Amino acid sequence: MGEKITLSVIKADVGGYVGHSSVHPKLLETAERSLAGNKLLIDYHVARVGDDINLIMTHKYGVDCPEIHHLAWNVFLNCTETARELKQYGAGQDLLSDAFSGNIKGMGPGVAEMEFEERKSEPVIIFAADKTEPGAWNFPLYKMFADPFNTIGLVIDPKMHEGFCFEVYDLVNNERVEFNLPEEMYDLLVFIGAPGRYCIKSVYSRTSNEIAAVSSTQRLNLMAGRYVGKDDPVCIVRCQSGLPAVGEALEPFANPHLVAGWMRGSHIGPLMPVGLNDASPTRFDGPPRVVAMGFQLAQGKLIGPKDLFADVAFDRARQTANEIANYLRSLGPFEPHRLPLEDMEYTTMPEVMSRLKHRFTRVGPKKAKVSGV
Ligand code: F6R
Ligand code: MG
Ligand code: MG
């Protein structure tokens with residue numbers, strides 16, 4: 001057995017430029033400086049999508065390593081300091097605590113990590129999205145690992161034909177459950193079709209038992225007990241040789257699906273696949289964006305990123321997303337563009353209701369005057 005490496009992606013919004021649309025280059029410089037030369041890491045890459053900073057790190061210390069999480073926490077603290085100096089919008093917004101407590105999960109930043117033995121060649125894709133929530137990965141992960149109309153490898157590659165095991169989190173009850181596909185496909189879909197509550201956390205190959213994909217699944221607002229933005233999620237997918245080909249992992253995004261998020265975390269919009277240079281959501285703070293960074297790992301070194309959605313073959317998806325966005329915007333404050341009351345991150349309802357309560361009167365049939373009639 002060779003030595004295992006860990007790929008950790010830890011992300012946070014610690015200040016937007018301008019508003020919630022992007023990150024000032026000085027914050028990215030601070031992140032670079034804070035990670036440079038760190039002895040814990042084999043390699044790192046600092047990326048951005050929308051107003052989120054993504055720290056992509058390789059090391060040998062496994063998932064949930066307190067030292068690695070603490071390192072990421074300190075990077076975000078340093079970036080927050082830069083954000084405060086430049087009076088960036090919402091400086092420090094995702095850091096929910098004053099002090100680090102051993103694991104960055106539950107403290108605000110999003111985390112996706114996996115540990116594996118590096119294969120002879122190790123292509124990975126890191127997907128990062130802005131203005132949406134972790135359930136946004138349910139649809140594409142299902143397509144990649146379970147839908148033969150998306151992934152022909154499920155049908156014709158003997159190393160994929162046995163299917164994949166999906167681990168799903170119930171974010172409300174904090175429970176986990178596994179499904180073996182293809183035979184439990186219908187059971188899985190009952191849950192993951194409700195992405196605001198049930199999220200695919202990880203996917204394993206049933207042929208090799210190898211980890212194939214892992215996503216970030218925290219719900220910041222449930223943790224903080226107040227609105228602190230949607231939990232713009234990240235997802236790692238390993239590719240090729242018995243796992244989806246790079247093209248099969250990208251293919252679900254050619255048909256932009258609808259996700260919760262967008263303006264004030266309270267709307268439905270299409271998830272638009274974009275190149276890294278177009279990852280600044282501005283129209284109505286959106287529409288939600290997703291980037292795909294491809295890396296080849298070489299002894300833990302991150303060779304890349306290759307900007308995979310920069311391909312002109314995704315122009316059509318962007319056009320479709322813009323058309324869907326235009327149509328949904330025309331609905332203004334009406335559902336289904338605006339989320340149902342219980343899913344909105346912002347609402348004035350309690351205040352409006354308490355002011356108008358006395359004006360509500362009962363409607364319905366009058367009570368019978370004579371008993372028994
Ligand atoms: C959505 C998001 C933005 C803000 C919006 C209002 O996740 O971050 O759409 O919700 O710009 O922001 P505030 O309330 O800070 O003025
Ligand atoms: Mg923000
Ligand atoms: Mg964001």
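When a residue number appears, it is its place in the shown sequence, counting from 1. For ligands, and for the atoms within them, numbers begin at 1 and follow the listed sequence. It should be emphasised that the depicted structure is a prediction, and the values quoted were computed from it without experimental measurement.
Between Y204 and F166, the distance from one ring center to the other does not fall under 6.0 angstrom. The six-membered or imidazole ring of F100 lies away from that of H69, with a centre-to-centre distance of 6.0 Å or more. Residues F284 and H267 place their aromatic rings such that the two centres sit under 6.0 Å apart.
Each of the atoms 1 (C) of ligand 1 lies under 4.0 Å from some heavy atom of G265. Using a 4.0 Å cut-off to heavy atoms of M263, the atoms of ligand 1 that qualify are 9 (O). Here is the list of ligand 1 atoms found below 4.0 Å of a heavy atom in D285: 3 (C), 4 (C), 5 (C), 9 (O), 11 (O). The distance from ligand 1 to the heavy atoms of Y89 drops below 4.0 Å at these ligand atoms: 13 (P), 15 (O), 16 (O).
The pair R338-E335 counts as a salt bridge, with a side-chain nitrogen and a carboxylate oxygen less than 4.0 angstrom apart.
The minimum distance between the Mg ion (ligand 3) and any N, O or S atom of D232 involves atom OD2. The atom name of the N/O/S atom in H20 closest to the Mg ion (ligand 2) is ND1. Residue D52 approaches the Mg ion (ligand 3) most closely through its N/O/S atom OD2. Summary: OD1 is the N/O/S atom of D130 found nearest to the Mg ion (ligand 3). Considering just the N/O/S atoms of D13, the one nearest the Mg ion (ligand 2) carries the name OD2. Nearest N/O/S atom of D51 relative to the Mg ion (ligand 3): this is OD1.
With a 4.0 Å cut-off on non-hydrogen atoms, R264 touches ligand 1 through its backbone as well as its side chain.
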